[in-house]
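Note sheet for the following structure.
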Amino acid sequence: MCIFCDIVEGKIPSTKVYEDEYVIAIRDLNPQAPVHDLVIPRKHFDNIVDMAQNDDGTYAAAVFDAIAEVAKVEGTDTGFRVINNCGADAGQSVMHVHFHVLGGRKFEEKII
Ligand code: DGP
């Protein structure tokens, strides 16, 4: 069972801000900034390593396009931050690869 597969399939409700053939983007349940969306490939990959090994580049390209679209749709395209937590030690809590798009405020120069 995977929460994000269920969201992709519409079994769990979410607020979608963007979708195409390969990815969806939804508002994060627990936002850390005025804009906090998650770009999620429709196909299940556990994390970036799984995606790098098993995607021919289609989903990776779609993720980048979607990130740019989300920033535009959310009105934060003059500055935003993209975060991926890869693996438990990095704080990944949902084991379906996803990319946090954060914006709507100025961030510090320090990344963490
Ligand atoms: P990470 O820690 O990188 O695996 O981030 C998981 C994010 O997913 C976290 O910020 C909260 C969010 N999240 C978890 N469950 C749900 C859900 O059911 N709906 C939505 N919209 N977000 C969720």
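Ligands are counted one by one from 1 in listed order, and the atoms in each one are counted from 1 as well.
At least one N/O-N/O distance between Val94 and ligand 1 falls below 3.5 Å. Checking only distances, Ile26 never comes within under 3.5 Å of ligand 1, N or O to N or O. Residue contacts with ligand 1: Asn85 is placed with a nitrogen or oxygen under 3.5 Å of a nitrogen or oxygen of the ligand (distance criterion only). Between Gly91 and ligand 1, an N or O atom pair is found at a separation short of 3.5 Å. Considering backbone and side-chain N/O of Asp28, one or more are found under 3.5 Å from N/O of ligand 1.
Residue, atom and distance of the protein heavy atom nearest to atom 23 (C) of ligand 1 are Leu29 CB, 3.6 Å. Atom 21 (N) of ligand 1 has Arg27 O, 2.9 Å as its closest protein atom, hydrogens excluded (heavy atom only). When hydrogens are left out, the protein atom nearest atom 5 (O) of ligand 1 is His98 NE2, 3.1 Å; that is the closest non-hydrogen contact.
Taking CG of Leu102 as the reference point, atom CG of Asp37 lies at 8.5 Å (rounded to 0.5 Å). Distance CG/Asn47 to SG/Cys86: 4.0 Å, rounded to 0.5 Å. Between atom CG of residue Asp46 and atom NE2 of residue His96 there is a gap of 9.5 Å, rounded to the nearest 0.5 Å. One finds the NZ atom of Lys16 at 10.0 Å from the CD1 atom of Ile7 (value rounded to the nearest 0.5 Å). Within the model, atoms NE2 of His44 and CE of Met51 stand 12.0 Å from one another, a figure rounded to the nearest 0.5 Å. Separation of atoms SG (Cys2) and CD1 (Ile40) is listed at 8.5 Å; rounding is to 0.5 Å.
With a 4.0 Å cut-off on non-hydrogen atoms, Ile83 does not touch ligand 1 at all. Using a 4.0 Å cut-off between heavy atoms, Asn84 makes no contact with ligand 1 at all.
By the 30° and 60° cut-offs, the orientation of the rings of His36 relative to His100 is tilted.
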### Task
For Glu108 and Arg81, run salt bridge (Lys or Arg N to Asp or Glu O under 4.0 Å): C-alpha distance rounded to whole Å, both residues' side-chain angles, the deciding distance at 0.1 Å, then the answer.
CA-CA 11 Å; Glu108 290 173 35; Arg81 188 165 278 180; over 6 Å; no

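A donor-acceptor pair under 3.5 Å is absent between the side-chain atoms of Glu19 and the main chain of Ile24, judged by distance alone. The main-chain N or O of Ala61 is never found under 3.5 Å from a side-chain atom of Thr58 such that the two would form a donor-acceptor pair. At least one donor-acceptor pair under 3.5 Å links the side chain of Gln92 to the backbone N or O of Val94.
Salt-bridge check for Lys11 with Glu9: passed, with a basic side-chain N closer than 4.0 Å to an acidic carboxylate O.
Proximity of Asn30 to ligand 1 is not established, as no heavy-atom distance is less than 4.0 Å. Contact annotation: His100 has at least one heavy atom less than 4.0 Å from an atom of ligand 1. Using a 4.0 Å cutoff on heavy atoms, Ser14 does not count as a contact of ligand 1. By the 4.0 Å heavy-atom criterion, Ile7 is counted among the residues contacting ligand 1. Using a 4.0 Å heavy-atom cutoff, Gln32 is absent from the residues neighbouring ligand 1.
Atoms of ligand 1 found under 4.0 Å from any heavy atom of Gln92 (numbered from 1 in listed order, with element): 4 (O). Proximity to Ile3 (heavy-atom distance under 4.0 Å) selects the following atoms of ligand 1: 18 (O). Each of the atoms 1 (P), 2 (O), 4 (O), 5 (O), 6 (C) of ligand 1 lies under 4.0 Å from some heavy atom of Ser93. Within ligand 1, the atoms closer than 4.0 Å to a non-hydrogen atom of Phe4 are 8 (O), numbered from 1 in the order shown.
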